[in-house]
Number of protein chains: 2
Amino acid sequence: MVERHEPTSREKILEVAEALFARSGFAGVGLRELADRSGLGKSSLFHHFRSKGHLYLEVLRTVLERIQERLAPVIRSQSGPAEKLPAWVEALIDALAEHPNSARLLLRALFEDDDFPEDLEPQAQEVEGIVMSILGTYQAIVQQGIDLEIFQPVSVTDATQTMIGATVYHFASGEIGEAVTGGPIFAAAAIQRRRREVVHFLIGGLTADPTH
Amino acid sequence: MVERHEPTSREKILEVAEALFARSGFAGVGLRELADRSGLGKSSLFHHFRSKGHLYLEVLRTVLERIQERLAPVIRSQSGPAEKLPAWVEALIDALAEHPNSARLLLRALFEDDDFPEDLEPQAQEVEGIVMSILGTYQAIVQQGIDLEIFQPVSVTDATQTMIGATVYHFASGEIGEAVTGGPIFAAAAIQRRRREVVHFLIGGLTADPTH
DNA sequence: TTGACGCCAGACCGATCGGTCGGTACGGTC
DNA sequence: GACCGTACCGACCGATCGGTCTGGCGTCAA
């Protein structure tokens, strides 16, 4: 684990901002604290980003694109829904577990009323577009499984929402942070166990016969 | 639906505060807006509550106790885990669906670092105690089912976290709000469908054979 | 040497933050 | 009438908010 490049100021800001927004939400982060922790003056932030809102959406975009890259090989694979769906969820969990702040940040952003001022509407729509794109790939797998009568005929949107809630919340809540502080080896073991359980739940819900 | 009593100022504040905190989070709510929407002066808020933090924790306590009351009859019933567990989840969903703001408020509070100033530590611990108490009743049912070999031997804490994430996130995200605005009848139908799906997912995960 | 430019710090702005102040109106109790 | 506690208000406080302005420091090309 060697850092090849000294991170640029812009990268440093984005990194610190992700941690702070994940901890305290958009309104809970002051630009003074963000600047201090980035090793910069407050006004320097405005050299790299036009406003606090632009910075926030840029952080969101970075996180979402990182997840999107993780999911890309799974989507491209030729396997059927029964293998593709757990692979998709496992890739998502890996992406969330790798950057623990991402899950918290996304959880906040996903259920929030996107009430942004109009001057950064295009950025907000771009972020929302990435989210919809990601969710769309999951829904396509579920729909395909239902069409092939491999999965139960559940509501696709509800299944997606359940999956998102289960995974993102799971890795946003506190204990995963403690696991990370316990060292990378323990963390990896804990994540593997969690991943197995969550995937099992989601697959079980899609394949079990609903005769309760 | 007749309101028997004119709500007291204190009740009005709590009601408005729940909606605002659910919408914008703790840091995102200004006491001026809260006072205006409650029909009071800002300084009057401090007559009823010692600080913004005390008010926030009081709102959380109210919401949690309302849910606790909903779950009580389920817990007291004599049925086995196979019937008790879906009943528990359905009761939780009913409680969340009845007060749409509660899910958002809880979702925020549950995964947040409880970083409160020390002067309201006791209130924070009381709130946390209620949460642990509620989760404990769910974990007891799961554990009982595992002991009786009705459920798969999953991690109880992970199963709980998955359940919480799936249910609370499900009803915190936006669409349920639109359903409510569509009128009580449509909302009731939508909630019933959602409830069936979510419960099915959770039961499926506990009963299906994990041989993927 | 000069000028242009990227990057950054410090002083500063109006607005808003949570919270405190002195004071008013009112109903009950001796 | 004197005196209380409850409920409420407008004015005000220091601090902090997001954001702007001015100007300095280094680098590189001319």
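Just so it is clear, the values below take in all heavy atoms, side chains as well, and ignore hydrogens, waters and symmetry mates. Naming convention: chains lettered A, B, ... in sequence-line order (proteins, then strands); numbering from 1 in each chain. Remember, it's a predicted structure, so these values are computed and weren't measured experimentally.
- Both B/Glu33 and A/Ser44 sit near DNA chain C, but only A/Ser44 has its closest nucleotide nearer the 5' end.
- Going from atom CG of A/Leu45 over to atom P of C/dC8 covers 10 Å, rounded to whole Å.
- A straight line from CG of B/Leu20 to P of C/dG18 spans 11 Å, rounded to a whole angstrom.
- Minimum interatomic distance between A/Val59 and A/Ala17 (heavy atoms only, all atoms of both residues): CG2-CB, 3.8 Å.
- Note on A/Arg10 versus A/Glu15: no salt bridge recorded, every NZ/NE/NH1/NH2 to OD/OE distance being 4.0 Å or above.
- Atom-to-atom, CZ of A/Arg32 to C1' of C/dG10 comes out at 11 Å; the value is rounded to the nearest Å.
- In this structure, of D/dC8, D/dG19, C/dA9, it is D/dC8 that holds the atom nearest to the side chain of B/His47.
- For B/Ser43, no side-chain nitrogen or oxygen approaches OP1 or OP2 of D/dC9 to under 4.0 Å.
- Atom C1' of nucleotide C/dA9 and atom NZ of A/Lys42 are separated by 12 Å, given to the nearest angstrom.
- Rounding to whole angstrom units, CD1 of residue B/Ile13 and P of D/dA7 are separated by 10 Å.
- Comparing A/Ala27 and B/Arg10 by the nucleotide of DNA chain D that holds the closest heavy atom to each, the one mapping nearer the 5' end is B/Arg10.
- Listed candidates were C/dT20, D/dC9, D/dG19. Nearest to the side chain of B/Phe46 is C/dT20.
- The distance from atom NZ of B/Lys52 to atom C1' of C/dT16 is 12 Å, rounded to the nearest whole Å.
- Classification of A/Arg66 and A/Glu18 as a salt-bridged pair holds, one side-chain N sitting under 4.0 Å from a carboxylate O.
- Residue B/His48 places none of its side-chain N or O atoms closer than 4.0 Å to OP1 or OP2 of D/dT6.
- Within 4.0 Å (heavy atoms only), A/Gly39 reaches sugar-phosphate atoms of the nucleic acid but no base atom.
- Atom CG of B/Leu55 and atom P of C/dG19 are 10 Å apart (whole Å).
- Set against C/dA9, D/dG18, C/dG19, the side chain of A/Leu31 has D/dG18 as its closest nucleotide.
- Ion pairing of B/Glu58 with B/Arg61 is present here, as a side-chain N (NZ or NE/NH1/NH2) and a carboxylate O approach within less than 4.0 Å.
- Among the nucleotides D/dG19, C/dC17, C/dA9, the one closest to any side-chain atom of A/Leu40 is C/dA9.
- The existence of a salt bridge linking B/Arg70 and B/Glu90 is excluded, since no basic side-chain nitrogen approaches an acidic carboxylate oxygen closer than 4.0 Å.
- The interatomic distance linking A/Phe49 (CZ) with C/dC8 (P) rounds to 11 Å, in whole Å.
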